[in-house]
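Since the model is a prediction, treat every value here as computed from it, not as a measurement.
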Amino acid sequence: MCDQTFVAVTFGPCDSCSKASPLMNIYIKNEPINYCSFCVEMMACQGLQKGETLASLKRECDNLKKKLEEERGKLNDVELHQVAEKTEVLGALSVKTRRVLKGHGNKVLCMDWCKDRRRLVSSSQDGKVIVWDAFTLNKEHGITLPCTWVMACAYAPSGCAVACGGLDNKCSVVPLSLDKTENLAAKKKSVAMHTNYVSGCTFTNSDMQLLTCSGDGTCALWDVESGQLLQSFHGHTADVLSLDLAPSETGNTFVSGGCDKKANVWDMRSGQNIQSFESHESDINCVKYYPSGDAFASASDDATCRFYDLRADREVAVYQKDSIIFGASTVDFSLSGRLLFAGYNDYTINAWDVLKGTRVSVLFGHENRISRVRVSPDGTALCSASWDNTLRIWA
Amino acid sequence: MTINTLAKGGWYREQMTCFRKMEKVIVAMQDPDMGMKMRNQRLLITVIPHAMTGRDVIDWLIQKYNICEEEALHVGGMLVRYGYIYPLKEPRSLVLRADETPYRFQTPYFWTSTRWPASELDYAIYLAKKNIRKQGELMEYEKERYSLLHKRINHTWDFVVMQAREQLRASKQRRKADRIVLECQEQAYWLINRPPVRSLTLHYSAVLYHTVLSCIESCRRALGRNRVKSSICLEGFVKFSEQYQNHDPIMQGCLPSNPWISDDTNTHRLERWSFSFMELLNDPIGRREFMTYLEKEFSAENLCFWQACEDIRHGESSKIIQKVEDVYKNFLAPGAARWVNIDSKTMDKTLEGIKHPHRFVMDDAQLHIYFLMKKDSYPRYLKSDLYKNMLAKAIVPQETKKSVFPFMRRQRHSSPSPAQAVTQVTEEDGRAMGAGKAGTNSLPPSPLSLLVTIVTIQGVLSVYSFISD
């Protein structure tokens, strides 16, 4: 009984590529034909300058990628595990749970250490952000945010403020006060505004600048005082899930990893993408710099962690095992960079020997997936946050 | 629902189930026997069939699903919002009115579930058609989007205009009623999928041309990079790990009593100052010591200048101009009290920059002074008496791997053997007893017996039991 006046084929084999797909009705030489959307785009690009077609551009792109791989391979004269043969083999770690921090009512999604090496901030799915003294298990501050899923939190370098953000698409900075009666949530200040969820945040070397990454595919640098956007970083083609600031002398670069399987290195001043690495087979959940700043590690849903060298511009190690099936969600290095701690979705933390590529230890204890592992600033302890509502300190 | 489905066009994937359900309702409405009552719409002389009133829709929903009027209004409103039914009188007002307002079913060709994603190419063709058909028919927001699209997919513009003309020509050959219906359907579709208020974000239908071009550009840039040989890079990692190995508490084992170390300057901490200049500057005590050393060398202004520049770089935006002024007055102006030695080229550049002060205006000068200190003062500091004395006085942290039996150290200070001490006491006591036979006062413990008590508890017990005897 509905309009039959405009009869058109909506689904079927495309007249050009014969693939079955939703069809578009277009006119070629006065005749109506049915093409799938890809073929329509190809047709539309026929009128390019210099007789280029989309197909020829794609071929050029593939050739360049192959050439790039060849160039990277030319300087690859030795593998990491070969160079590491002369280093001593590490014995099993005698690391145990020293503290269990209980108090969150729901999954703990993120945590960060304070520079004083004993305080830490953690955020969870129920919208609560708690600042703990991990040594005494004392909860020093509690902030309730109006949104759930607070996926990112960071401690300011001075120790006087924390930043947190998540599904509200914002990242806010809350100054910490020693007055217990004060309502901290009222002093919250919105700094970053994205068009999708905020997945990670970190302060730069001071309390005044905040770096965030978001599900809208961009990273951004913000001025905390004015809330102004200082620089934005475009280049990822899907959600950006993690970022880390470089510990170098000039301190001007950071690395980000996302759902497009790419890890990009950015220059903070110019906003340019300096380097890009694409060797993971699935979403990259976490990236972290090596302590010297010359390399970084990444954790991915493909159950591997990889080690990338920035000067040689390539991936130099893959940390994987057949018995590890579930994705890795977080990584961090020990102080010397010899150990890599990775938290997995099968509730364990694996410690890898970075140089030799072997697994040194497995840490059991959590009852749900690990969302974050972080080594304390002085390297004495490891903190892990998990979906089982607790945090554990290992030392 | 986990976070991941929210991204990657996940919203549409979630909504697809809803669309299927809505389509079932629509098909039921169009059933010849149990479906809706259709009326004719009269536009001047043209009669268009298959129209219905809002009241009809609500009555049908109430009757079919056995719901109340409010719920029927709500469900019907959803059908209109998602474009399955569109209003004929006021096309931009996507609400269902429970009165004589006429509505019409959208053809399946234009259902959101069929045509998703609504591509930019399609939208461009639609706007071009509207523009060609009647000049000035485009609304403000449509004009903006038209020019934006013209810029973004410029390479396809010939195709767009060609398609628009062809479609207009084909539609002219249709009956007037059909033509009007088609225009309404198309307009309704685009009002749903490109609503006026929503800002133009990057739609899922990625323009392939642009992605391929940007990929080519980044590959070309990457090919031009300088790379270092693997052997050199990897050696660097091994060296770094070896250097810091002893300072890595997790690998060396940690004191179980106090996981977080105190603030004493021990040799480990001082050693780290010799690893790199950054290590020295990052440690507040290190920075203080270095400043003391520089004051002795009369070059403290370098470190003060560096600290002031750090303050500008990382401090509050509102104070930048004032701070730059101060730095200029104290360190850069000719005849300044603490003038720093920068080469003329950098000085000129910095002075130019000061005229329009911003956060990074001192960067070049700061870097120059940083490398000056690193190459000159820092190595001399490491060889200086000041540093060497600190190292000598520092506490050696307890090695926890080697087990230290505490009592072994004390052997040097241990008292003479218990047996020797007891015989001496006996002799003295004997003499004392002999002398004091008349008085029955108990003897005070002799100094020798006090010495004996230190050795072993057992020894003490035996001595005391002897004395009290």
Side-chain angles (χ1 to χ4, degrees), chain A residues 1-3 5-6 8 10 22 26-27 37 40-41 43-45 47-48 54 57-58 60-61 64-65 67-68 71 75-78 80 83-84 87 94-95 98 117-118 135 205-206 208 215 223 225-226 238-239 249 276 292 294 309 311-313 334-339 355 379-381 395, chain B residues 7-8 30 32 35 38 50 105 107-109 114-115 119 121 155-156 158-159 163 166-167 170 178 181-182 185 201 208-209 212 215-216 218-220 222-223 225 227-231 233-238 240-241 244-245 247-251 253-254 259-261 278 314-318:
Chain A
M1 290 292 279
C2 78
D3 292 315
T5 49
F6 185 50
T10 53
I26 61 167
Y27 287 88
S37 52
V40 171
E41 291 252 14
M43 282 258 1
C45 300
L48 293 167
L54 194 62
L57 275 181
K58 284 197 107 179
E60 189 186 343
C61 187
L64 278 174
K65 276 197 189 146
K67 225 173 139 202
L68 185 60
E71 280 298 313
L75 292 172
N76 182 8
D77 49 350
V78 72
L80 182 58
V83 173
T87 54
S94 58
V95 165
R98 304 288 173 181
R117 313 167 228 132
R118 60 187 276 170
F135 196 64
N205 294 334
S206 80
M208 294 298 141
D223 177 66
E225 249 189 323
S226 60
D239 304 21
E249 279 180 324
S276 184
S292 74
D294 289 329
D309 185 332
R311 292 186 300 169
D313 193 33
S334 70
L335 191 106
S336 63
R338 184 66 196 272
L339 289 172
L355 300 176
T380 50
Chain B
K8 293 187 271 196
Q30 294 170 9
M38 291 281 114
H50 308 144
F105 288 114
T107 175
Y109 184 80
T114 319
R115 298 298 304 282
S119 75
L121 203 57
H155 54 284
T156 67
D158 289 341
F159 180 81
Q163 283 302 308
E166 285 296 318
Q167 287 184 14
D178 291 345
V181 164
L182 170 59
Q185 285 172 343
T201 54
L208 294 159
Y209 179 68
V212 174
C215 186
I216 290 176
S218 60
C219 277
R220 287 221 177 97
L223 278 168
R225 268 189 69 87
R227 283 180 197 82
V228 182
K229 263 209 298 208
S230 281
S231 43
C233 304
L234 301 177
E235 268 303 317
F237 298 139
V238 175
F240 185 90
S241 294
Y244 278 85
Q245 182 125 339
H247 299 258
D248 191 343
I250 288 182
M251 287 178 62
C254 209
W260 289 282
I261 39 181
M278 213 62 219
H314 301 306
E316 292 140 303
S317 303
S318 48

How about Ser230(B) and Asp77(A): do any of their side-chain heavy atoms sit closer than 4.5 Å? yes
In terms of heavy-atom contacts, Ala381(A) and Ile250(B) come closest through C-CD1, 4.1 Å
Just verifying a value: how many Å separate Gln245(B) CD and Ser334(A) OG, rounded to the nearest 0.5 Å? 9.0 Å
Sorted by chain and residue number, the side-chain hydrogen bond (donor to acceptor under 3.5 Å, both in side chains) partners of Asp313(A) (sequence neighbours excluded) come out as Arg72(A), Gln275(A), Arg227(B)
Is it the side chain or the backbone of Leu355(A) that comes within 4.5 Å of chain B heavy atoms, both, or neither? side chain
Heavy atoms, side chains only, cut-off 4.5 Å: are Val83(A) and Phe237(B) in contact? no
side-chain contact (heavy atoms from CB on, under 4.5 Å) for Phe240(B) and Asp294(A)? Distances and angles first, verdict last. CA-CA 11 Å; Phe240(B) 185 90; Asp294(A) 289 329; over 6 Å; no
Could you tell me which portion of Ser276(A) (side chain, backbone, both or neither) has an atom closer than 4.5 angstrom to a non-hydrogen atom of chain B? neither
If you take all heavy atoms of Val238(B) and Thr87(A), which pair is closest and at what distance? CG1-CG2, 3.7 Å
Only one of Lys67(A), Glu60(A), Lys65(A) forms a side-chain contact (heavy atoms from CB on, under 4.5 Å) with Cys219(B), so which one is it? Lys65(A)
Work out which heavy atom in Val78(A) is nearest to a heavy atom in Ser231(B); give both atom names and the distance. CG1-CA, 3.5 Å
Measuring from atom CG of Leu335(A) to atom OH of Tyr244(B), what distance do you get when rounded to the nearest 0.5 angstrom? 7.5 Å
List the atom of Leu64(A), the atom of Ile216(B), and the distance in Å for their closest heavy-atom pair. CD1-CG2, 3.6 Å
Pick from Ala222(B), Gly35(B), Cys233(B) with the largest number of heavy-atom pairs that fall under 4.5 Å of chain A: Cys233(B)
